[in-house]
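Within every chain, numbering begins at 1; the chains are lettered A, B, ... in the order of the sequence lines, protein sequences first and strands thereafter. Fair warning: this is a prediction, and the values are worked out from it, not measured in the lab.
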Amino acid sequence: MVKLKKNELDRLICRLAGSYDVYAPVDIDGNVEFARVSSAEDMDQSRTVTNLSPKEIFFPKDEVLFEYDADGIRPADSMDRPIAVWGIRSCDTKSLMLLDKVFGSAIQMPKEERFQDPYWKKRYDGALLFGAACAEPLSTCFCNWFGGGPFATEGMDVHVTDIGDAFLLNPVTPRGEDYLESLDFTAEVSESDRKAAAEIAGSAEAVMSPPVPIDGLDQLLPGLFLQEEVWGEVSAACINCGACTFVCPTCHCFDMQDEGRNEKGRRLRVWDSCMFPIFTSEASGHNPRSLSRHRVRQRVMHKYSYYPVNYGEYLCTGCGRCITVCPVNVDIRRTLLKLMTHDGEDG
Amino acid sequence: MSNPYIPVPMRVSRIVAEDPERNLRTYNLLFENDADRERFTYLPGQFCELSILGKGESPFGIASSPTEKDHLRFTVNRTGSVTEEIHYLREGDIVGMRGPMGNWYPVELFKGGNVLIIGGGFAFTTLRSLLVYLMDHRDDYRDITVVYGARSPELLLYKEELSAWGERDDLKLHLTIDNPAEGWDGLTGFVPTVTKELSPSPEDSYAVVCGPPIMIKYTLPVMSELGFPDDRIYTSLERRMKCGIGKCGRCNIGPKYICIDGPVFSMAELRDIPEPV
Amino acid sequence: MSVEKELRRTVKDLLEEGGIDLFIGWERGSLPTVASPLFITDPVDAERLIFDITCGSNPAVYFTKDRRQFDGRRVGVVLKGCDSRSMVLYIKEKQADRENVVMVGAQCNGVLDRGKVASAAGGREILELEDDGEKTVTLKGRDYEIAVERDSILSSSCLSCIHPDALECDHFIGEPRQSVTREQRLREVREFEALSSTERWERTRHEYEKCIRCYACRNVCPSCYCAVCFVDQNDPPWIGGTCEFTDSMIFHLVRNLHVAGRCVECGACARACPMDIDLLLLNRKVAMEVLERFNDEAGMDITAKPAMADFKEDEKQDFIMG
C-alpha cells in the first residue's frame with residue numbers, strides 16, 4: 001500500500017493520461033457520470049453512487065459496430081489506448097465482472113471466439129481500475145445482500161481510500177501493483193494512516209443496514225414463474241419505462257440498428273430494455289411478453305434466476321440506482337422481499 | 001480475433017419462387033471469399049443472420065445440407081422490411097451473412113435409429129436440411145419417415161424435391177393439406193391428426209417437430225401419446241432475435257437463449273423451463 | 001379533518017359501500033421524496049393512503065396501462081388538479097368511461113421536484129422530509145438538518161399551475177386552493193420566445209443532449225398511450241435509436257407535437273426524468289400555442305371537442321400564409 005497526497009492526484013491523472021484514456025466521475029449539468037478527464041480538476045468525487053453507472057465506458061449507450069460503403073464493410077475504428085478509471089465503486093467494478101461473463105466469454109459453451117464480444121473485450125481486458133472506498137454509503141445501498149460492502153475490492157486493480165488529506169492506494173491485482181510500483185511520487189503509509197482508513201471503514205460498515213439473506217432466491221423464483229397474481233402485485237405501479245434498466249450497471253440488453261442510405265452507412269448497437277413491449281414483439285405480431293407484469297417478471301428472473309443458472313451468481317450488485325430513479329418508487333428490495341415471502345399459492 | 005458482428009459477403013446464385021404469390025422464395029448463396037467458405041461448417045438445424053446493409057438483419061434456418069457443399073440455401077418469407085429487401089435481390093447480387101448460429105438436430109444421436117420428421121408450412125427449411133443430410137448418410141439410419149403439411153398444395157416448399165422423394169423406396173413421405181383441393185391426391189387434415197392416424201412406432205425412434213407454434217403445440221402431445229419419450233422428441237423454436245450470439249438478451253425462454261442454447265431443444269429440456277413455449 | 005384523514009375515510013366508505021372495485025392512490029414510499037402508487041381493494045388498506053408533496057406521478061396513467069386494464073371495473077382514483085384533467089382527457093378520448101370512474105379530487109399544495117430537492121440538500125442524501133404544507137420543508141440527513149423554502153423545491157409545473165383543484169370530480173377533499181395568474185405561467189415561455197433562434201436552439205440542444213432514451217417521460221405521461229409509439233416503429237424504423245442529439249431531439253419534439261392540445265402540464269415527465277431534463281418548457285410552449293390559436297386547454301371541459309380534433313373557420317392560419 002502507498003499513500004498519495006491529494007495535491008498529487010492531478011499528477012497521477014496526468015501520468016495515467018499519458019498512456020490511458022482516463023475516465024472519472026464528472027458533473028455534467030448536475031448529473032454525475034463517468035467521462036473522459038485530463039486532470040483531477042475535471043472530477044466530481046462527491047457522490048457515493050453516480051447517476052449513470054460506469055458500464056457506459058465499456059458498453060456505450062450507442063456504439064458503431066461497423067461502417068460500410070461501396071467498397072465493403074469496415075469494423076468501426078475503436079480506440080487503441082487502454083482505459084483507466086478513477087473513482088469507481090465496488091458495486092460497479094463487481095458489475096463489470098458480471099458483464100464480462102456475458103461479453104467476454106460464452107454461456108454454457110466452450111470459450112469460442114464467436115461468442116466473445118470484441119468491442120467489450122477491447123475496452124475491458126486491458127483496463128486499469130482505481131476503485132474508491134465508500135465512506136458514506138447511502139440508504140439505498142444494498143451491496144451487502146450480494147456479498148459486497150463499502151470497502152469491498154472485487155474487480156478493482158487498486159483500492160483507494162480517501163483519508164482526508166491523502167489517498168491510500170492498495171493494490172488488488174498484479175496489474176495494479178505494477179502500476180503503483182511505477183509511480184515515483186507516492187509516500188509511505190504510516191500507522192496512523194492505516195488507523196484512519198480502518199476507522200472510516202468501520203463507520204461505513206456501521207451505516208449499512210444488515211443484509212437480507214437471499215440465498216436460495218434463485219431456486220425459489222422458477223416456482224413462482226406461473227403465479228400471475230404475485231407478478232401483478234409487484235408490477236402494479238411499474239409504468240414500464242426503461243429508467244431502471246438504463247441506470248443499472250448490470251443490465252446489458254441491446255438492439256442493433258442500421259443507419260444509412262445509398263450504399264453508405266453504419267450498423268450500431270444501442271441500449272435496449274426488457275421493459276419495452278417492442279423488445280420481444282415478433283414480425284407476426286405475436287409478443288411473448290405483451291403484458292407489463294411479464295416484462296417485470298423477465299427483469300427479475302434474468303437478474304435473480306436465469307443469470308445465476310448460467311453463471312452461478314446474481315446479476316445485481318445492490319448499487320440502488322434503480323431505486324433512486326424510479327418515478328413511481330418501485331423498490332427492487334421490496335420486490336424481492338415480497339417474492340421471498342410469497343406463500344406460493346396463486347389467488 | 002474474428003468479429004462475430006461482421007457479416008460476410010455472399011452472392012445470390014439462384015432464386016426460386018416457392019408459392020404462386022411469390023411471398024416465399026428460396027435463395028442459393030455462394031461465398032464470395034474462399035476463407036469465409038472454409039471457416040463455415042454447420043449441421044442441420046443451425047441458422048444464419050442475413051443482412052441487408054441499411055435495413056438490418058433477420059435470422060433464417062439453413063435449408064441446405066452440409067452435404068451439399070457448393071452453396072447455402074435459405075427460404076425467405078416476406079414479412080418485414082428486411083425480408084422485403086431480400087425479395088428484391090436478383091441473381092448475382094451480394095447479401096451479408098453471419099453464422100452459422102445455434103445448435104443442431106442431434107444427427108449423431110439419431111444414428112442406428114428411426115427418424116420421424118414432422119413439419120408444417122414454411123418451417124420445413126431446416127427439416128429439408130436434416131432430410132437431405134440423413135438421405136446422404138442413408139446407411140447410418142433405419143426408417144426415415146416424413147409428415148409434411150401445409151394449408152394448400154401451393155404452400156408446400158421444395159415441390160420438385162418432394163416429388164422426387166415421393167418416388168424413393170427408402171423414405172416414407174406423407175404430404176397433407178388442411179382442406180381437400182382439386183387435383184390433390186395426398187392426405188388431408190392437420191399435421192397432428194395425420195400423425196396420430198399414421199401412428200408411427202416409438203421403438204428406437206426419434207421425432208423432430210418443426211412448424212408454426214400452433215402446430216407444435218398440438219403435435220407435441222400427440223408424440224407423447226404415441227409413446228415417444230421426452231428426450232427423443234426434438235423441436236426448433238423461434239423468438240425475436242438480434243445478435244444471434246447470446247449477448248443482446250431478448251430471445252430467452254427461461255434461462256436458455258434460443259440463439260445459442262437452441263434453437264433445437266428436446267421436450268425433456270423444455271419441461272425444465274418455467275416459461276411456456 | 002386533515003386531507004389525508006378525510007381521504008382515507010372517503011375511500012374506505014367507497015370500498016365498503018361497494019361503490020368501487022379498486023382505488024388508486026399513494027402510500028408512503030421507500031424513499032422520503034417519492035410516494036408509491038397504491039392499488040387497494042380492501043377497505044382496511046385505506047389507512048395506508050397518503051396525499052402530500054411526494055405524490056408526484058399522475059395516477060391517470062394506469063387507466064391506459066396494458067391497454068385499458070381496468071375495463072369492466074369501477075375504479076376510484078385520487079386526483080390533483082392536473083391529474084383530473086388527464087382523466088377528463090381520457091374520458092373524451094374514450095380511454096375511460098365516466099360512469100366507471102369515481103374521481104376524488106384532493107387539495108393539492110404542489111409536489112416536489114426531485115432534482116431541486118436534491119440540489120437543496122447539496123447532493124447529500126435525504127433521509128427524512130417534513131412538510132409544513134405552507135412555507136417550509138425540512139430536510140434531514142445523517143448529519144444535517146436544513147429548512148428550505150417550500151416553493152424552491154416544488155415542481156415548476158406546480159409553481160405556475162393555474163388549476164390546482166380537480167376540475168371534474170365526484171368528491172373533493174380539503175379546501176380549494178388559490179390558483180396563480182396566467183402571467184406567471186407564461187413567464188418562462190415568454191422568456192424562451194424572446195431568445196434568438198440560435199439561443200433557442202442551444203437551449204433545446206443543451207437539454208436534449210442529456211437524454212438517455214429511457215422513455216420515462218413518455219411512460220409516465222397519461223397523454224402518451226399509443227399502442228405502438230412511433231419510436232417503437234422499427235420495421236422500418238421511424239427514428240434512430242441512439243442518444244445522439246439529433247435522434248433524441250426528434251423523439252422529444254415529435255412527442256411535444258403528439259401531445260399538443262392534450263398535455264395537461266402536470267409535469268410528471270420532468271419529475272420522472274432521471275437526467276433532469278427540463279421537459280416542461282416545450283410542452284408548455286405548445287400548450288400556450290394551442291391556447292392562443294384555438295382557445296383550448298387540454299382536459300378542461302369534458303364536453304368540448306379536443307383542439308386537434310376540431311376545425312373552426314376563424315382559426316388563425318398564419319402558419320399557412322407565412
Side-chain angles (χ1 to χ4, degrees), chain A residues 27-33 44 46-48 51-52 56 60-63 136-140 207 233 236-247 255 257-259 268-273 275-279 281 283 290-293 321 323-331 333-334, chain C residues 26 29-39 54 56-57 61-62 65-67 69 114-115 118-119 122-127 142 206-207 209-210 212-221 227-229 231-235 237 240-244 247 268-269 271-277:
Chain A
D27 184 328
I28 302 171
D29 274 323
N31 296 310
V32 177
E33 52 185 296
D44 180 342
S46 65
R47 302 286 179 90
T48 302
N51 293 75
L52 289 181
E56 64 176 324
K61 286 183 285 227
D62 3 280
E63 175 165 33
E136 293 172 358
L138 306 178
S139 67
T140 47
V207 165
E233 240 176 275
C238 176
I239 49 161
N240 282 129
C241 73
C244 52
T245 59
F246 285 9
V247 298
D255 191 11
Q257 300 187 347
D258 283 21
E259 282 182 357
L268 303 126
R269 71 167 160 205
V270 299
W271 287 359
D272 206 344
S273 171
M275 289 293 107
F276 304 148
I278 200 71
F279 188 64
S281 88
S290 63
L291 294 176
S292 165
R293 63 174 180 271
R321 285 185 182 88
I323 303 167
T324 316
V325 297
C326 181
V328 288
N329 192 236
V330 174
D331 187 323
R333 295 168 300 184
R334 286 184 172 180
Chain C
W26 285 274
S30 67
L31 302 178
T33 51
V34 54
S36 191
L38 177 67
F39 302 80
T54 67
S57 60
V61 75
Y62 294 109
K65 188 179 152 184
D66 282 343
R67 311 311 298 157
Q69 59 174 342
R114 285 192 289 168
S119 308
R124 293 170 294 187
E125 190 179 27
I126 299 159
L127 297 176
R142 277 203 179 100
H206 176 80
E207 290 302 322
E209 258 173 357
K210 300 184 222 170
I212 57 171
R213 303 289 293 274
C214 73
Y215 304 132
C217 51
R218 176 194 68 180
N219 286 38
V220 291
C221 176
V228 181
C229 175
V231 300
D232 290 332
Q233 293 285 357
N234 61 355
D235 194 24
T242 75
C243 296
E244 285 175 23
D247 283 346
C269 52
R271 293 190 292 276
C273 179
M275 305 308 285
D276 216 12
I277 300 172

Residue, of A:V270, A:V325, A:V328, that accumulates the most heavy atom pairs under 4.5 Å with chain C: A:V328
task: Verify whether one side chain among A:N240 and A:S292 offers a donor that lies under 3.5 Å from an acceptor in the other.
output: yes
message: Testing the basics here: between A:L138 and C:E125, what is the closest heavy-atom pair and its distance to 0.1 Å?
response: CA-OE1, 3.2 Å
- prompt: So what's closer than 4.5 Å to chain C heavy atoms on A:N329: side chain, backbone, both or neither?
  reply: both
statement: Interface check, chain A: of C:C243, C:G29, C:S30, most non-hydrogen pairs under 4.5 Å belong to C:S30
- line: Under 4.5 Å to a heavy atom of chain C? For A:S139 that would be both
- prompt: Under a 4.5 Å heavy-atom cut-off, does chain A meet the side chain of C:A118, its backbone, both or neither?
  reply: neither
- request: Give the member of C:D276, C:T33, C:I212 that has the highest number of heavy-atom pairs under 4.5 Å with chain A.
  value: C:I212
field: Under 4.5 Å from any heavy atom of chain A - which part of C:S57
entry: side chain
field: Proximity breakdown for C:L127 and chain A, heavy-atom pairs closer than 4.5 Å
entry: side chain
Side-chain heavy atoms of A:K61 within contact of A:F246, under 4.5 Å: no
statement: On a heavy-atom basis, the closest approach of A:E259 and C:T242 is OE2-CG2, 3.7 Å
task: For C:D232, check side chain to side chain donor-acceptor pair (under 3.5 Å) against everything at least two apart and list the hits.
output: C:R218
task: Among the options A:L52, A:V330, A:T48, A:V32, pick out the one with the most heavy-atom pairs lying under 4.5 Å from chain C.
output: A:L52
- prompt: Quick check: are there more than 12 heavy atoms from other residues, nucleotides or ligands sitting under 6.0 Å from CD of A:E136?
  reply: no
- request: Measure the shortest side-chain to side-chain distance between A:V207 and C:R142 over non-hydrogen atoms and say whether it is less than 4.5 angstrom.
  value: yes
- prompt: Given a strict heavy-atom distance threshold of 4.5 Å, which part of A:S281 is in contact with chain C: side chain, backbone, both, or neither?
  reply: neither
message: Between A:C244 and chain C, with a heavy-atom cut-off of 4.5 Å, which part of the residue counts as in contact: side chain, backbone, both or neither?
response: neither
query: With a 4.5 angstrom heavy-atom cut-off, which part of A:L268 approaches chain C: side chain, backbone, both or neither?
result: side chain
message: If you define the side chain from C-beta out and look only at heavy atoms, does anything of A:N51 sit under 4.5 Å from A:E33?
response: no
message: Heavy-atom cut-off 4.5 Å, strictly under: side chain, backbone, both or neither for C:V220 against chain A?
response: both
field: Min side-chain heavy-atom separation C:Y62-A:I239 under 4.5 Å
entry: yes
statement: For A:F276, the ring pair (Phe, Tyr, Trp, His ring centres under 6.0 Å) test, sequence neighbours excluded, returns C:Y215
field: When A:D331, A:D272, A:L291 are compared by non-hydrogen pairs under 4.5 Å with chain C, the top option
entry: A:L291
- prompt: Are side-chain heavy atoms of A:Q257 and A:D62 found at a separation under 4.5 Å?
  reply: no
- prompt: Considering only heavy atoms, which portion of C:P274 lies under 4.5 Å from any heavy atom of chain A: side chain, backbone, both, or neither?
  reply: both
query: What part of C:R114 is in contact with chain A, defined as an atom under 4.5 angstrom from a non-hydrogen atom: side chain, backbone, both or neither?
result: side chain
statement: The interface call for C:E244 against chain A, heavy-atom contacts under 4.5 Å, is both
